[in-house]
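Here is the structure we will look at.
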Amino acid sequence: SSIRIHGGGVALVKTDGSLWTWGRGDTFLGTYKPTKNSQEDVVYATPGDDTMASITKDGKLWTWGNTDHGKLGRPSSGATFLGRSSEPTMEDVQSVAADAHVLVLKKDDTVWSYAYNYCGQLGNGEYNVWKDNPTLEKVAYLEDVIEVSADWQLSAAIKKDGTLCVWGRGYYLGLSDENSRIPYPE
């Protein structure tokens with residue numbers, strides 16, 4: 001079993017592979033009480049910023065919730081709520097971290113990202129980009145990763161050798177300049 005909490009949403013994966021979600025009503029397509037999701041064979045799930053992401057035992061990533069900023073990894077027009085797609089967002093996935101942007105750790109130990117990228121948190125070299133980015137892109141200069149984490153304007157990864165890599169808004173990384181951006185993992 002595992003449980004993840006973020007932004008008012010809860011994702012509970014039971015040992016039988018069932019997924020239970022609850023939180024802010026329609027935001028997580030559930031209720032304020034634990035509700036069994038129809039998805040089966042779930043090994044990992046996490047709420048994001050008005051979204052939910054799950055990984056099934058075959059390594060497929062599934063997303064649903066608010067579409068703004070491309071947070072579901074699929075094209076949309078504006079901010080609407082969508083249910084889980086009939087097609088996975090990505091395959092060969094081992095873990096996912098979600099907020100207003102999403103980091104996907106693939107089974108080959110590479111990291112992919114999509115969605116909100118104002119401070120460089122996607123790790124693709126761009127920042128100050130106020131556009132929806134539903135396109136999955138490989139994070140530059142980052143391999144051999146064992147864990148990822150995402151927060152509002154910040155991303156982090158731990159490599160197999162124990163190295164911590166961070167990128168995004170420098171202010172949250174202890175840099176004195178509130179406007180500093182780190183658009184690649186360091």
Side-chain angles (χ1 to χ4, degrees), residues 4-12 19-32 35 37-39 42 44-56 60-91 93 95-106 111-140 148-157 166-172 178-179 181-185:
R4 300 283 181 273
I5 300 171
H6 180 80
V10 180
L12 169 66
L19 173 61
W20 295 73
T21 59
W22 64 97
R24 297 181 309 189
D26 64 341
T27 299
F28 295 99
L29 307 177
T31 66
Y32 289 104
T35 304
N37 188 286
S38 63
Q39 192 171 24
V42 177
Y44 184 86
T46 189
D49 181 33
D50 294 336
T51 61
M52 192 68 71
S54 67
I55 301 170
T56 48
K60 293 179 180 176
L61 172 65
W62 303 88
T63 56
W64 61 100
N66 191 326
T67 62
D68 70 335
H69 300 297
K71 291 185 289 194
L72 301 183
R74 49 186 160 159
S76 66
S77 56
T80 59
F81 283 86
L82 294 178
R84 192 175 62 247
S85 174
S86 60
E87 295 294 321
T89 304
M90 185 175 244
E91 297 188 18
V93 173
S95 186
V96 62
D99 195 279
H101 67 291
V102 179
L103 298 177
V104 179
L105 178 57
K106 293 196 67 174
V111 178
W112 295 69
S113 63
Y114 63 92
Y116 179 73
N117 192 38
Y118 184 67
C119 295
Q121 62 267 42
L122 294 186
N124 63 6
E126 295 182 336
Y127 58 91
N128 292 335
V129 179
W130 282 99
K131 65 178 182 181
D132 292 349
N133 186 11
T135 305
L136 289 132
E137 297 180 19
K138 186 177 177 187
V139 174
V148 292
S149 186
D151 194 28
W152 172 237
Q153 295 177 338
L154 185 63
S155 296
V166 292
W167 61 102
R169 189 167 187 181
Y171 180 75
Y172 297 128
E178 183 174 323
N179 296 311
R181 308 289 193 260
I182 301 171
Y184 293 111

Shortest non-hydrogen contact between Leu136 and Met90, atoms and distance: CD2-CE, 3.8 Å
Pairwise distance CG(Asp99) to CG(Asp50) - rounded to 0.5 angstrom: 10.0 Å
Rounded distance [0.5 Å steps], OG in Ser149 versus CG in Leu154: 8.0 Å
Nearest-0.5 Å distance, CE of residue Met52 to OG1 of residue Thr46: 8.0 Å
Leu72 vs Thr89 side-chain heavy atoms within contact, under 4.5 Å: no
Plane angle bin for Tyr116 and Trp152 - parallel if under 30°, tilted between 30 and 60°, otherwise perpendicular: parallel
Nearest heavy-atom neighbours spanning Arg84 and Trp64: N-CB, 3.4 Å
Distance in Å, Trp20 CH2 paired with Asn37 CG, rounded so as to fall on 0.5 Å steps: 10.5 Å
Closest non-hydrogen atom pair between Tyr114 and Leu61, with its separation: OH-CD2, 4.4 Å
Where Ala11 and Pro47 come nearest, the two heavy atoms and their spacing: CB-CD, 3.9 Å
Side-chain heavy-atom pair Trp167, Pro185 within 4.5 angstrom cut-off: yes
Minimum heavy-atom distance Arg74-Ser85, with the two atoms named: NH1-CB, 3.0 Å
Spatial distance of atom CD (Glu126) from atom CD (Glu137) [nearest 0.5 Å]: 6.5 Å
Reported CG-to-CG distance for the pair Leu12 and Leu19, which is rounded to 0.5 angstrom: 8.0 Å
Minimum side-chain heavy-atom gap Val96-Val102 below 4.5 Å: yes
Tyr118 vs Arg181, side-chain contact (heavy atoms from CB on, under 4.5 Å): CA-CA, chis, key distance, verdict: CA-CA 9 Å; Tyr118 184 67; Arg181 308 289 193 260; 3.1 Å; yes
Which atom of Lys71 lies closest to which atom of Asp49, heavy atoms considered: NZ-O, 2.8 Å
Ser155 side-chain N/O to Gln121 backbone N/O, donor-acceptor pair under 3.5 Å: yes
Donor-acceptor side-chain pairing of Asn117 and His101 below 3.5 angstrom: no
